[in-house]
Each structure stands twice: as structure tokens, then as C-alpha cells.
Amino acid sequence: MEKYIDGFLLSVPTANLDAYKKMAQRAEGIWREHGALDYREGVADEIDGEGFASFSAAAGAREGETVVFAWILYPSKEERNRINAKVMADPRLADMCCDGVFDVKRMCWGGFATLVGN
């Protein structure tokens, strides 16, 4: 079975990183409880190297924002669809609001089939 990945790229106001981290930790528990194999969120440390495309530009980062790169690993695309349906119906997620923490409309999201590293 081929593993499946949901990937995310977003910008969070640096002043809101603690609030974002709390949201992400809560979300991680919910996704893992429903069957996600791995859940990772990383903040920019070394990005925008000379001679490469810019992560900051790709994330639409503005002054005073930090780029976050995240992914969730699932056993398969079918399992991802099943897990995400359960997560979205989970009442613990219903009261989690991104407003005031980061602009969800500026977040990039995509589903990816595994190419290497099954």
C-alpha cells in the first residue's frame, strides 16, 4: 500500500507562534488518534538560500511572519480520506479557530502520492 501525504505551507505572525503551536499540538493528537502515521510542523530556520526559489515568497510571508512547513502522513489516500472525515467531524476540532492566529486563506495545501520512501 502506498503511503499518502498532506502538505501545508503557511505564514504565521511571529507574535502568534505560541498560540499556533498550541493549536498544532492539539490538532496532532486528534489526527494521530484517528489514524495518521505521522504529523509534523516545522518553523523556518534556514530558508531563502541564494540561487534557490524563496520559501518566504511561496508562503506569501510578510514582514513579521514566520514560515511554517507541515505534513501529515497516512497509510494510503483512502485512509487519508477516512481519517480526515473523522477529524473534521471531531467535536474537539469544532471550537478550534484560526482567526486571529493566522490567515487560513493564505495557506497552501496539497495531497501527495509517495514517490520515494514508502
Side-chain angles (χ1 to χ4, degrees):
M1 189 178 327
E2 187 177 281
K3 292 185 176 76
Y4 200 79
I5 305 157
D6 277 343
F8 307 87
L9 182 62
L10 59 141
S11 298
V12 176
T14 304
N16 296 347
L17 276 176
D18 286 340
Y20 180 81
K21 182 178 180 180
K22 288 176 186 169
M23 285 176 50
Q25 288 172 322
R26 187 170 173 199
E28 175 188 16
I30 294 168
W31 255 273
R32 285 184 179 268
E33 183 179 312
H34 288 296
L37 299 175
D38 198 5
Y39 183 109
R40 302 285 173 139
E41 302 236 11
V43 293
D45 179 45
E46 251 183 70
I47 60 172
D48 303 336
E50 190 174 322
F52 296 97
S54 168
F55 255 98
S56 294
R62 299 174 181 158
E63 185 154 339
E65 293 183 332
T66 299
V67 174
V68 174
F69 176 65
W71 67 93
I72 304 170
L73 180 66
Y74 305 93
S76 66
K77 185 176 184 178
E78 294 74 24
E79 278 295 289
R80 178 268 230 146
N81 293 340
R82 183 192 66 76
I83 290 164
N84 279 346
K86 287 187 173 237
V87 167
M88 292 303 133
D90 193 306
R92 294 172 294 175
L93 200 62
D95 69 342
M96 196 181 306
C97 182
C98 301
D99 291 341
V101 179
F102 75 100
D103 183 358
V104 72
K105 290 180 181 176
R106 292 174 44 220
M107 177 177 72
C108 298
W109 165 86
F112 298 84
T114 302
L115 181 62
V116 174
N118 243 348

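Quick caveat, the model's predicted, so the values are computed rather than measured.
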Visitor: Could you tell me whether the side chain of T114 and the main chain of E2 form a donor-acceptor pair under 3.5 Å?
Guide: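 The answer is no, because no donor-acceptor pair under 3.5 Å joins these two groups.
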
Visitor: State, yes or no, whether a side-chain contact exists between I72 and N84 at a heavy-atom distance under 4.5 Å.
Guide: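 The answer is no; the side chains never approach within 4.5 Å.
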
Visitor: Out of curiosity, does M88 fall in the hydrophobic cluster containing M23 (side-chain heavy atoms, cut-off under 4.5 Å, transitive links)?
Guide: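 Hydrophobic grouping puts M23 with M88.
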
Visitor: Should F69 and Y4 be regarded as members of a common hydrophobic cluster, given that ILVMFWY residues are connected when their side-chain heavy atoms come within less than 4.5 Å of each other, either directly or indirectly?
Guide: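 Shared cluster, no.
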
Visitor: For a quick test of reading the model, state the closest non-hydrogen atom pair linking A27 to Y39 and the distance between them.
Guide: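 Scanning both residues completely, I find the closest heavy atoms to be CB-OH, 3.4 Å.
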
Visitor: How are the rings of F102 and Y20 set to each other: parallel, tilted or perpendicular (split at 30° and 60°)?
Guide: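 Taking Y20 first and then F102, their aromatic rings stand perpendicular (interplane angle over 60°).
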
Visitor: If you look at every heavy atom in G35 and P75, which pair is closest and at what distance?
Guide: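 Here G35 and P75 meet closest at O-CD, 4.1 Å.
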
Visitor: Show the nearest heavy-atom pair for residues D6 and G111, with the distance to one decimal.
Guide: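 Distance-wise, the nearest heavy atoms are OD1-CA, 3.7 Å.
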
Visitor: Which value, rounded to the nearest 0.5 Å, describes the distance between K77 atom NZ and I5 atom CD1?
Guide: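 One finds 13.0 Å between NZ of K77 and CD1 of I5.
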
Visitor: Would you compute the distance between atom CZ of R62 and atom OG1 of T14 and round it to the nearest 0.5 angstrom?
Guide: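 So the gap between those two atoms works out to 13.0 Å.
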
Visitor: Identify the heavy atoms of S56 and V67 that sit nearest to each other, and give their distance.
Guide: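 Result for this residue pair: CA-CG2, 3.9 Å.
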
Visitor: Determine whether W71 and V12 fall in the same hydrophobic cluster, where Ile, Leu, Val, Met, Phe, Trp and Tyr are linked whenever their side-chain heavy atoms lie under 4.5 Å apart.
Guide: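 No.
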
Visitor: Please round to the nearest 0.5 Å and tell me the distance separating atom CZ of R80 and atom CZ of F112.
Guide: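 One finds 10.5 Å between CZ of R80 and CZ of F112.
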
Visitor: Restricting to salt bridge (charged side-chain N to carboxylate O under 4.0 Å, His left out), what partner residues turn up for E41, sequence neighbours left out?
Guide: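 Listed in chain order: nothing, the list is empty.
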
Visitor: Closest approach of A59 and S11, non-hydrogen atoms and distance?
Guide: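 In terms of heavy atoms, the two residues are closest at O-OG, 3.0 Å.
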
Visitor: Using the six-membered ring wherever Trp is involved, compare the ring planes of W109 and F8 and label them parallel, tilted or perpendicular (cut-offs 30° and 60°).
Guide: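 Plane angle between 30° and 60°, so tilted.
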
Visitor: Using the side-chain contact (heavy atoms from CB on, under 4.5 Å) rule, take R32 and D38 through it: C-alpha gap first, then chi angles, then the decisive distance, then the call.
Guide: CA-CA 7 Å; R32 285 184 179 268; D38 198 5; 3.0 Å; yes

Visitor: Going from CZ on F52 to CD1 on I47, what distance comes out if it is rounded to the nearest 0.5 angstrom?
Guide: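 So the CZ of F52 and the CD1 of I47 are separated by 13.5 Å.
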
Visitor: Could you list the residues that satisfy salt bridge (charged side-chain N to carboxylate O under 4.0 Å, His left out) with D90, not counting sequence neighbours?
Guide: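 Partners of D90 by the salt bridge (charged side-chain N to carboxylate O under 4.0 Å, His left out) criterion, ordered by chain and then number, come out as R92.
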
Visitor: Side chains of N81 and Y74: does their closest heavy-atom pair fall under 4.5 Å?
Guide: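 With C-beta onward as the side chain, the pair stays apart.
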
Visitor: Is there a chain of hydrophobic side chains (I, L, V, M, F, W, Y, each step under 4.5 Å between heavy atoms) that links V104 to V43?
Guide: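 Yes: a chain of side-chain contacts under 4.5 Å links V104 to V43.
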
Visitor: State whether the number of non-hydrogen atoms from other residues, nucleotides or ligands found under 6.0 Å of R40 atom CZ is greater than 12.
Guide: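 For R40, atom CZ is not crowded (no more than 12 foreign heavy atoms under 6.0 Å).
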
Visitor: Atom CD1 of I30 and atom CD1 of I83: how far apart are they, to the nearest 0.5 Å?
Guide: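 Atom-to-atom, I30:CD1 and I83:CD1 are 13.5 Å apart.
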
Visitor: Rounded to the nearest 0.5 Å, how far does NZ of K3 lie from CD of E79?
Guide: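 Answer rounded to 0.5 Å: 12.5 Å.
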
